[in-house]
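Sharing a structure, written as structure tokens. Questions coming.
In this text the structure is predicted, and so the values were computed from the model without any measurement. A, B, ... follow the sequence lines: proteins, then strands. Residue 1 opens every chain.
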Amino acid sequence: MPTSNVRRIGLSFAAALLLTPASVFAAEWGTLTGRFVFGGDAPAAPKLTVDKDVDVCSKFDLVNEELVVGEGKGVANIVIFVRDKNVDVHPDLKATEPVVLDNLGCRFFPHVAFVQVGQDMVIKNSDPVGHNSNVATLKNPASNTLIPAGGETKISFRSDEAVPAAVTCNIHPWMKGWVVVRDNPYAAVTGEDGSFTIEKLPAGELELQLWHEKAGYLDTIVIGGKKTDVKRGRMDVEIKASGTDLGEMVLDASVFK
Amino acid sequence: MNRHSFFVCESLQRVMQNASPALACTLLLCGLLMSATGCGKTPAASFRPNMVEAAKQRLTPDQEAQVATILEAMFGTPDDPVALPETGLDVSKLRLAAGPVHSDIVGRKNGLFREHCSHCHGVTGDGMGPTAAFLNPYPRDYRPGWFKFKSTERADKPTHADLVTILNNGINGTSMPSFALLGEAKVDALVEYVKYLSMRGEAELSLMRYYFELDDEDEGKLPETREFLVEEILLPVAERWQEAEDAIIDVPEMPEVDLQESIALGKELFYGNKANCVKCHGVTGLGDGQANDYDDWNKVVKQWSDEVLSAHDASTSEMSREEKAEHRAWLARSDKALAGDALDPRTIQPRNLRQAIYRGGRRPLDLYYRIHAGINGAPMPAAAGTLTPDEIWHIVNYVRSLPYEYDGELGADRSMVARDRL
Amino acid sequence: MRNRLAGLFWSLVFLAVPVLGVAVFAVAPSIDVWLPKDVSAHGKDIDSLFYFILALTGIVFIATEMLLFWFVWKYDEAARGDQKATYIQGSHTLEVIWTIIPAVLLLFLAIYQMNAWADMKMRRPVMKPTVEVVARQFEWRLRYPGPDGDLGTPDDLFLVNDLHVPVDEDILVQLKSMDVLHSFFLPNLRVKQDAVPGMKIPVWFKASEVGQYDLVCAELCGWGHYKMKGRITIESREDFDAWLEAKYREQEATQAEPLQEDL
């Protein structure tokens, strides 16, 4: 849990005790869902050139994961996070478990990991070969640790990152993953089917940030057949207690060029 | 223009007024020659903006101007440096290093940075001085705040003493020579100035990157409050420099085992899956294991130039007229920044360990630091946590034996001895 | 009649050359722009050769210049009126004389200096190198062989710009260049030798007095040539050994301790 929120919540409790029994948390919480689909014919993912540790890594039929279009043309690995600073956080959403980023099958798994400020991230290596994980953060001190086969290392972040940070392995140049560092728990990465869910958001107006590694900030989305400009990948949404569904959002193939 | 040549020009003009035509002609010729070489009005030195980042962040001219104004208020100019107390920098040392080369009122030499450093590192400390493009590796660009050879953890800043060591010893294997004969006071002033340029560069980067985080109601302008500039921008940078002084890596004693035994253990680790040194430094130790990686400075330029290249190829048919114009302007500006404000990216070679040339120092202690913390800005990862201190020491001993390792047999791991290669 | 003054002027100009030339040499030592202090065993040979050649060329120089002056003065057109110069179509005798005299002088110099040259460049002391000096843009990288006396072994000591040698002992420097032509110049030891990439050039000398002197580059080697400066410290054998040991201990440090800054 980020310290600023801890302090906020602490203060809120004091205020609540002193003033009224009403909570200063958002009164209601809602869930945000949506799905991104690829407009056009899904391109085949190009094969990666495996030229290091060939005997191990060539077994995995590795492909370029910059753009993964899964079932029903869903676009995977799109990052959605809440931009608002000091957003109210649902008390159930305390991040206690460390996030795991695995070096698995000579690739990073998950491809995009989400971690909160102060939360531990365990980078482990389930492969029979050694890896290193070079995390190129901008605001946080960048780290690059050697991780032997079966080993793991633990890192954490002191501040949030406005853009997801690339994770690479210097031994296996084709390996690339991403880490999203936020100071609240409200972020999601789309799955194979292109859908995402963010639970227990405070009801009301929120600003979302949409990002994809190939496209950068997603600024042109077709919603309900209508082309919508989303300036700098920022999108205002109204979170309703009953739940908000953004529905099917189509990303034209040109977005990913 | 310095004061001396100003007086020469001035008196030359006065003589011209009273001279005979023949003399006047000769003097005129001399005068023309001089104005071509130094008598013209030279603008005061100025810091070069980080054009690569500005183009990358798509800053508007107004935003670029705002960054320049803020930076000048916080850091001054190359002739007149300013250091806010939060930086912890000593302004008197900065003054000794800054400015044009001249002697002050007590005959003390000033302008040390421009005398000794800016040929390669540039007045801005951007590693793009006039000689930079000729050198391999390129001179260090201080602006991102990454330094390779130090006694602190990978992501930490170097200590003051670390930078003094670099200036005193030079960096063998690169074009950085030793400046030990300048004496302690001058080296000290230069180190302070390097820290100043680095802080300035980092502040510039975070200012430029901050525009992206602005909300719509900010209208694309950074707040110019002391709270924002000092708390949000300057302090996070300055504090990391100050923290470094107390963050020196704790080095346990070398284990008391027989040196040959330690070398054998180190060799096992070197080739093994745990330390994995062999992957980059090669089975021969000649540094030929990994040839296509970049260091972080070059990677920034490489990735961005790839991006610009693919933007050149991208279709613009979907764009509106204004968007197209904007896109073209951005491409033109990016090309210009890549050509004029960045050096052609080059790959980094893992160190050839058989030459007995160690850039960051040859003491066992230096090699321990390198292996423990990795090398900031380079692909070399940190082994701390993965290897025990004893294991690191074994690798240190093995690496130090590599330039002398031979027994007449060549093979996969017994290559030609390269120690005598220059 | 032509202007007599012009002839006078030009003859005086030619007279001024030898006069000023001699004056410059006469004054130079007293304003400290003469040969630097010699602290080497062989320096006397070099210096006396220098003085000998200086005297020889000096005499020829003054004589030639005086002759020039005298001719311009004596045979000035204005002074001689209408008298015409005699036309001579070469003089075999004269040509032989002014060819033979310099040739004899040069041959004499060539033979006379042979011994000094051989001492400096050919009669190398039979010993292992005291130190290897690698010139590079723009510094002097030094390597001492360590206790075993062999270069290229793990006990080598690596330093930069700070050359130390013991006094009154034969010193053999193994000179290399890493990049371009440099020249290893110890003015006070009367040693100057080009460093050539790809060659290992032996340089030897014997220092006769303790002290600290300059080590400079005497071959324009690039933009930073002017700052390619080192220092030579000549010291007693005991001081030299102590220094080597201290530096070696520093190089082998496994713990951070305050560096011994004795530079």
Side-chain angles (χ1 to χ4, degrees), chain B residues 115-116 119-120 129-131 134-135 151 159 161-162 164-165 168-184 187 248-255 259 263 356-358 361-369 393 396-397 400-406 417 419-422, chain C residues 132 134-143 146 148 150-163 174 176-179 195-200 212 214-217 221-231 247-259 261-263:
Chain B
E115 184 180 5
H116 299 289
H119 315 269
C120 298
T131 42
F134 300 92
L135 308 180
S151 59
T159 64
D162 286 337
V164 168
T165 307
N168 279 339
N169 294 345
I171 305 179
N172 201 3
T174 76
S175 302
M176 172 83 180
S178 157
F179 291 95
L181 295 183
L182 286 184
E184 227 169 277
V187 167
I248 296 173
I249 296 166
D250 193 29
V251 182
E253 285 292 343
M254 195 187 270
L259 183 64
I263 289 175
I357 291 176
Y358 305 92
R362 66 173 56 247
R363 294 179 302 170
L365 178 68
D366 296 320
L367 299 186
Y368 187 97
Y369 289 147
W393 275 127
V396 168
N397 284 330
R400 274 169 61 90
S401 79
L402 271 174
Y404 311 105
E405 179 199 66
Y406 73 102
V417 178
R419 63 159 190 273
D420 256 356
R421 274 194 208 163
L422 283 178
Chain C
E132 178 188 74
V134 182
R136 66 174 207 125
Q137 288 175 324
F138 299 99
E139 63 183 5
W140 304 95
R141 289 272 159 192
L142 315 172
R143 176 158 71 150
D148 66 357
D150 283 323
L151 285 168
T153 52
D155 66 351
D156 288 356
L157 170 67
F158 294 79
L159 292 160
V160 57
N161 284 348
D162 191 21
L163 179 64
Q174 178 173 306
K176 301 205 265 188
S177 169
M178 202 178 265
D179 34 41
V196 185
M199 291 179 81
K200 276 184 194 175
Q212 277 195 342
D214 287 337
L215 155 59
V216 291
C217 179
C221 59
W223 68 270
H225 165 64
Y226 72 95
K227 65 165 86 174
M228 187 163 168
K229 218 167 117 173
R231 195 174 50 192
K247 284 290 168 191
Y248 186 70
R249 234 184 297 117
E250 220 172 83
Q251 175 180 293
E252 298 301 300
T254 57
Q255 285 297 319
E257 50 208 332
L259 285 174
E261 293 291 345
D262 59 351
L263 275 175

Gap separating the CZ atom of B/Arg400 from the CD atom of C/Glu252, nearest 0.5 angstrom: 4.0 Å
For C/Trp223, which atoms come within 4.5 Å of any heavy atom of chain B: side chain, backbone, both, or neither?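 Only the side chain of C/Trp223 comes within 4.5 Å of chain B.
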Which atoms form the tightest heavy-atom contact between B/Glu115 and C/Lys227, and what is the distance?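 Closest pair (atom of B/Glu115, atom of C/Lys227, distance): O-NZ, 4.0 Å.
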State the CD-OG distance between C/Glu139 and B/Ser175, to the nearest 0.5 angstrom.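 C/Glu139 CD to B/Ser175 OG: 9.5 Å, rounded to 0.5 Å.
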Heavy-atom distance under 4.5 Å to chain C: side chain of B/Ser401, backbone, both or neither? neither
If I measure from the heavy atoms of chain B, does C/Tyr226 come under 4.5 Å with its side chain, its backbone, both, or neither? side chain
C/Gln255 side-chain N/O to B/Val251 backbone N/O, donor-acceptor pair under 3.5 Å: yes
For C/Phe138 against B/Pro177, the heavy-atom pair lying closest together: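 Heavy-atom minimum between the residues: O-CB, 3.8 Å.
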Please give me the minimum heavy-atom distance between C/Gln251 and B/Pro364, naming the atom from each residue.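 Looking at all heavy atoms of both residues, the closest pair is O-CD, 3.3 Å.
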Can you name the closest pair of heavy atoms from B/Asn169 and C/Val160 and give their distance? O-CG1, 3.8 Å
With side chains defined as the heavy atoms from C-beta onward, is the minimum distance between B/Arg362 and C/Asp156 less than 4.5 Å?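 No, too far: nothing below the 4.5 Å cut-off.
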Intermediate values then yes/no, side chain to side chain contact (heavy atoms under 4.5 Å, CB included), C/Arg141 and B/Ile357: CA-CA 11 Å; C/Arg141 289 272 159 192; B/Ile357 291 176; over 6 Å; no
Please find the pair of heavy atoms, one from C/Arg136 and one from B/Met176, that lie closest to each other, and give the distance. NH2-O, 3.1 Å
Out of curiosity, B/Leu367 CG to C/Thr254 OG1, how far, rounded to the nearest 0.5 Å?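 Reported to 0.5 Å precision, the distance equals 12.0 Å.
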